[in-house]
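Please read through the structure below; I'll follow up with questions.
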Amino acid sequence: MSLIVAIDGPSASGKSTVSRKVAALLDYIYVDSGSLYRGLTWKVIQEQVSSRDQDAVVCVMENMRMVFFLDAGAVRFTIDGEKPGIELRSEQVLENVSAVAAMPPVRIWIVRQLREMKRFGNLVMEGRDIGTVVFPATPYKFYLDADSEERVRRRHRELMERKVESEIGDVRHSLLRRDAIDKGRQTAPLKKAPGAHVIETTSMSVNDVANHIVNAVLTRKRNVRTVVREKAPLLFKCSRCIVKICLKICFRYRSCGLDQVPQDGGCLIASNHASHLDPLIICCSVMHRYIRFMARNTLFKNRLFLWWSKNVGIVTVDRGRGDVAALKAAIAILKSGGVVCVFPEGTRTRDGRLQEAKGGVGFLMAKAGVPVVPVYIDGTFEAFPKGAKRIKSHKVMVSYGKPIFPSELDRFGKGKDAYKKIADLLMARIAELQL
Ligand code: DC
């Protein structure tokens with residue numbers, strides 16, 4: 001029996017890229033259900049029929065021959081022997097497709113085609129109604145969402161990459177118009193399917209979302225308990241190599257207890273913070289894992305640096321407000337088997353002493369449900385403290401302590417006070433490593 005992963009969501013929520021990636025990771029067949037609606041719209045335009053005239057559209061649909069075949073892990077089709085290809089993404093198709101997709105006879109016919117695709121094997125199918133109408137019985141249902149301004153930016157960026165001239169205002173207008181039609185139509189409107197797993201992708205990368213889905217699918221399958229290990233991007237690996245060479249030249253840094261950081265699965269690394277050198281040293285000592293650092297967004301004002309931070313996977317935090325989106329992104333990374341590193345004190349120490357932890361880290365620990373490795377870094381305060389202009393050569397020692405496991409946190413319960421107590425427990429474990 002085929003297994004179906006249904007991924008629904010509004011335009012530019014990241015469905016296509018994520019679904020392709022999920023299909024590749026699981027080795028399932030990828031189906032872009034929207035391409036069938038676009039294919040029919042393309043044919044309707046070719047036949048010079050109005051996309052508002054339902055009878056004429058149905059007549060085109062009944063007289064055309066759509067043939068499906070597998071190509072490079074995806075289901076594709078020809079219409080009357082022709083491959084519409086890139087024309088499926090043309091402005092004209094885009095302008096007319098929502099109207100065609102809102103016609104009940106069109107939906108009935110396309111849903112039937114989509115259901116029959118089970119014959120190709122296990123599928124990752126993306127669309128608007130896959131979890132609600134096409135395969136409502138599948139237990140693997142996901143709904144991707146993102147802030148509408150972020151979706152406008154994504155769509156605008158995608159158009160620019162395809163060298164399609166567009167004004168951001170026009171992109172916004174077209175996207176919101178399509179949202180309204182997709183959500184407001186009578187038949188199979190876009191909505192979250194009951195039981196679907198909602199993923200808010202605004203501040204998540206494609207890899208994070210895809211890993212999250214793959215892990216949810218694998219975990220649910222129960223008999224397959226493999227955890228996907230996040231692959232470090234090339235830029236991260238190269239940056240780490242360069243930094244490691246520089247650190248080796250400037251310092252003698254040693255680490256102990258590195259085996260406390262698990263080889264696989266989600267793990268939070270939490271360290272004291274005395275210097276800008278701290279993340280670099282942690283990154284270069286935990287060579288067996290790809291680490292995602294949480295860092296304040298004001299560090300990346302420079303455009304090049306901002307680009308770099310995004311591409312090495314830094315989770316930026318807006319410290320001006322309680323950045324719930326950043327915390328959610330970190331939780332998603334941890335739950336999908338990744339490693340996140342935080343500095344619970346929030347800022348570098350001014351006098352070399354440990355400071356109080358922020359409650360947010362307690363929330364992160366309570367919600368992520370992964371082992372937390374406390375870390376104490378000794379010597380970076382002497383080498384490069386806050387406000388220093390130059391780095392001094394100094395011995396640095398990084399100690400990794402025994403993890404705090406989720407079961408240890410159960411006794412604290414929930415709520416602000418509980419999160420603060422959890423954060424305090426973490427600082428106490430970090431302090432123990434000082435001795
Ligand atoms: O995902 P997309 O932009 O390629 O979708 C094109 C159109 O088809 C869009 O207006 C929504 C519609 N559609 C739908 O109604 N149901 C689906 N399962 C997929 C797409």
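Order of appearance sets the numbers: ligands from 1, and atoms from 1 within every ligand.
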- request: Run the numbers for me: atoms of ligand 1, each under 4.0 Å from some heavy atom of Asp129, listed by number.
  value: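 Contacts of ligand 1 toward Asp129, numbered from 1: 16 (N), 17 (C), 18 (N).
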- prompt: At their closest point, which heavy atom of Val106 faces which heavy atom of Met61, and how far apart are they?
  reply: CA-SD, 3.8 Å
- prompt: Which part of Arg185 is near ligand 1, with near meaning a heavy atom under 4.0 Å away: side chain, backbone, both or neither?
  reply: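 Side chain only; the backbone of Arg185 stays clear of ligand 1.
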- line: re atom 20 (C) of ligand 1, the protein heavy-atom contact at minimum distance is Gly34 CA, 3.5 Å
field: Backbone or side-chain N or O of Ser35 under 3.5 Å from ligand 1 N or O
entry: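 It does not: no N or O of Ser35 is found under 3.5 Å from an N or O of ligand 1.
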statement: Between the OG atom in Ser174 and the CG atom in Leu159, the distance rounded to the nearest 0.5 Å is 8.5 Å
message: Please evaluate residues Ser33 and Glu126 with respect to the criterion side-chain hydrogen bond (donor to acceptor under 3.5 Å, both in side chains), reporting the C-alpha separation (whole Å), side-chain torsions for both, the decisive distance (0.1 Å), and the verdict.
response: CA-CA 6 Å; Ser33 68; Glu126 60 141 313; over 6 Å; no
Distance filter under 4.0 Å to Ser33 heavy atoms, resulting ligand 1 atoms: 17 (C), 18 (N), 19 (C)
message: Please state which option from Arg128, Arg89, Glu126 has its nearest heavy atom closest to atom 1 (O) of ligand 1.
response: Arg128
message: In terms of relative ring orientation, are His276 and Phe384 parallel, tilted or perpendicular, with 30° and 60° separating the classes?
response: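 If you compare the ring of His276 with that of Phe384, the planes turn out tilted.
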- prompt: Hey, are the side chains of Met125 and Ser19 touching, using non-hydrogen atoms and a 4.5 Å cut-off?
  reply: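 When only atoms from C-beta onward are counted, Ser19 and Met125 do not touch, as no gap falls below 4.5 Å.
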- request: Number the atoms of ligand 1 from 1 as they appear, then name those within less than 4.0 Å of a heavy atom of Gly127, with their elements.
  value: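 Here the atoms of ligand 1 in question are 18 (N), 19 (C).
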- request: With Asp182 as reference, evaluate Arg128, Arg177, Lys191 under the side-chain contact (heavy atoms from CB on, under 4.5 Å) test and give the passing residue.
  value: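 The residue from Arg128, Arg177, Lys191 that satisfies side-chain contact (heavy atoms from CB on, under 4.5 Å) with Asp182 turns out to be Arg128.
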statement: atom 4 (O) of ligand 1 has as its nearest protein heavy atom Arg38 NE, 2.7 Å
query: Which one holds for Asp182 and ligand 1: side chain close, backbone close, both close, or neither close, with close meaning a heavy atom under 4.0 Å?
result: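 Answer for Asp182: side chain.
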field: Heavy-atom nearest neighbour of atom 10 (O) of ligand 1 within options Ser98, Gly131, Pro10
entry: Ser98
- request: Identify, for atom 8 (O) of ligand 1, the protein heavy atom at the shortest distance, and state residue, atom and that distance.
  value: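 For this ligand atom, the closest protein heavy atom is Tyr37 CB, 3.7 Å.
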query: So, do Tyr400 and Asp259 sit near enough that their side-chain heavy atoms are less than 4.5 Å apart?
result: no
Nearest-contact summary for atom 7 (C) of ligand 1 - protein heavy atom, Å: Val97 CG2, 3.6 Å
- prompt: Who's the nearest protein heavy-atom neighbour of atom 16 (N) of ligand 1, and how far?
  reply: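 Nearest neighbour among protein heavy atoms for atom 16 (N) of ligand 1, to 0.1 Å: Arg107 NH2, 3.0 Å.
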- request: State which residue, out of Thr201, Asp208, Asn207, fulfils the side-chain hydrogen bond (donor to acceptor under 3.5 Å, both in side chains) condition with Ser205.
  value: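 With Ser205 as partner, side-chain hydrogen bond (donor to acceptor under 3.5 Å, both in side chains) holds for just one option, Asp208.
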Sub-4.5 Å side-chain heavy-atom contact between Phe142 and Asp8: no
task: List the closest protein heavy-atom neighbour of atom 12 (C) of ligand 1: residue, atom name, distance to the nearest 0.1 Å.
output: Ala101 CB, 3.8 Å
